[in-house]
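Here the structure is laid out as structure tokens; the discussion comes afterwards.
All residue numbers refer to positions in the sequence shown, counting from 1.
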Amino acid sequence: MTSTAPETQRGQDAGDPLGEQPTSWQRRLRRFGHVPRPETSLRDRLDPPWTRPGRQVWSVLAIPPHVADRLVRWSAWGGPLLVTLVAGLLRFWKLDQPNAVIFDETYYAKDAWALVNQGYEGSWPKDVDKLILKDPSSVPIPTDPGYVVHPPVGKWIIGFGEQLFGFTPFGWRFMVAVLGTISVLLLCRIGRRLFRSTFLGCLAGLLLAVDGLHFVMSRTALLDLIVMFFVLAAFGCLVVDRDRSRRRLADALPVDEEGVLRPDARIAETLRLGWRPWRLAAGVMLGLACATKWNGLYVLAAFGLMTVLWDVGARRTAGAARPYMAVLRRDLTPAFLSTVPVAIVTYIVSWTGWIVTDKGYYRNWAATEGKGSSWSWLPDWLRSLWHYENQVYDFHVGLTSGHTYESNPWSWLVLGRPVSYFYEEQAGCKESSTGKCAAEVLAIGTPLLWWLACFALAYVVWRWLFRRDWRAGAIACGVAAGWVPWFFYQERTIFLFYAVVFVPFLCLAVTMLLGAIVGPAAGTGARADLGLTSKDPTGERRRTLGAIAAGVLVLLIIWNFIYFWPLYTGTSIPEDLWRDRMWLDTWV
């Protein structure tokens, strides 16, 4: 078992990279928990090594060292794949239940079906859902264009599942369940790279696998889970890009007579980091996120700033005297070109189905109402698309109509007002004192996980500010990018399930907190300030107690997920048991 401590010491970007005396502000911050950087090689700070598990477990199991090494190598992919398999089995179990059009599936399932069959969304008649469930082949696709307020990528993805399995609940939920399952694998691998620990990476993925909101959204044909997938994929691409660019920088630095890597101001300020395909891939992923729902734009801005600051930290660590100026000259333009223009092009390409037809909503606006505009030199399709986007923006900012399940973003982390996607009562339930059974699909996170995440976020912010831990900053950035923008639209009708976009980062925050609870392995030099050495029995005892505490918390989260399982899957239970699960009055 490993902790977050080793990488914290090796991977800090702030502070003095040349090993000089701490600055005055660092000395003042020590009263709040700031720890000066220990003596760590420059290469380890630029390209941190992976944490290797201790030999104690293998010795107890009588496993030879060469077999243990092979198992460790296998676990890099085997562990994440095993966690993903569990997540997939949970998400695909009775995916077609409830056999109903639940919540906003009434929009996206039908729009997706029209989109993949004719290239644009149609205007569906009211009360057609029951006919679709009874016999989808008898329901014609409307040729009249429908006014839709979200870009098409998410609906293309939902529609692909419908093409494979038909216009049925299983068909329109299939691809969302696939992306929900793959996102668990992504988080395992991202967490592994972030913490340099396979165990902690798998723990982050496991927490995501048993989060109720992510689980419900993975089994519902809505767009927000798809946005989450692309945001998480973009984050992973940027983390890989960070590792590769820092390794390239380390390889370019000089080595002294003793073979020790040394900082060099000239190289750190002038080296061009060359082709960075992972950053380009992040631009594509962020473009796809924006082309699913517009809140991806805020993530694009936040991640763009984050990756530039990572470059500043890398050049500072390598010895640059003026790292911001070096990044401005060498990195800023390539960073912009590989993200923003790529995202814009990706977004426009996503509208191809609407562009190549002549029946989409507002498709011919430029040739009719918009004729004679001062922008008439632009292609008609582009002007029509721009007008469409303006109308959609006005709709979104003006959406203030009340809804039973709307909630303020201030209440999201404590799960103040979840959303009921489906509810059905059955009379004649003998197991219930009221004679009724209830079946509900409630979009709510696993309560113990989310409430623990409140403390984990506070710990992450503290660690970022006072320990200068770049990983804590990255996690905080992911949460802020998905959560903070909604505070600017508090008059708008918004819902808790929008928070699924930053759920993976909540899981990373909880993982970092649990790693800190476990503590570092004795003898690793990870916490010299705490005096943990291989001869320190107090350190071993503290680590044992930490591991027990962290293990209990994880088991409680898993139990909590199992306890709320009926509310996540629409399983019919006696009304008494349903009420027992309404822990807060606002959940009803």
Side-chain H-bond candidate by donor/acceptor type, [X] with [Y], under 3.5 Å:
X	Y	result
Gln426	Ser572	yes
Asp129	Thr106	yes
Glu440	Ser420	yes
Ser183	His214	yes
Thr307	Arg279	yes
Arg417	Thr586	no

Under 3.5 Å, which donor-acceptor pairs do the side chains of residues 295-305 form with other protein atoms, sequence neighbours left out?
residue, atom, partner, partner atom, Å
Tyr298, OH, Tyr489, OH, 2.8

(request) Give a yes or no on this: more than 12 heavy atoms of other residues, nucleotides or ligands lie within 6.0 Å of atom CZ of Arg244. (result)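 Not buried by this count: 12 neighbours or fewer within 6.0 Å.
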(message) Ignoring hydrogens, what is the shortest heavy-atom contact between Met228 and Pro504? Give both atom names and the distance.
(response)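 In this case the closest contact between Met228 and Pro504 is SD-CG, 3.5 Å.
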Aromatic ring proximity, centroids under 6.0 angstrom, [Y] and [X]:
X	Y	result
Phe215	Trp565	yes
Trp578	Tyr423	yes
Trp559	Tyr563	yes
Phe497	Trp412	no

Relative to the ring of [Y], is the ring of [X] parallel (under 30°), tilted (30 to 60°) or perpendicular (over 60°)?
X	Y	result
Phe103	Phe495	perpendicular
Trp172	Phe167	perpendicular
Phe564	Trp587	perpendicular

(request) Please lay out, stage by stage, how Val342 and Thr346 fare under the test side-chain contact (heavy atoms from CB on, under 4.5 Å). (result) CA-CA 6 Å; Val342 170; Thr346 302; 4.2 Å; yes
(request) Could you pull out all residues at least two apart from Trp77 that satisfy ring-ring contact (aromatic ring centres under 6.0 Å, His included)? (result)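 Scan of Trp77 (ring-ring contact (aromatic ring centres under 6.0 Å, His included), adjacent residues dropped) gives none.
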(request) Identify, with sequence neighbours excluded, every residue that meets ring-ring contact (aromatic ring centres under 6.0 Å, His included) alongside Tyr568. (result)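 Testing Tyr568 for ring-ring contact (aromatic ring centres under 6.0 Å, His included), a comparison that skips the adjacent residues, returns Phe561.
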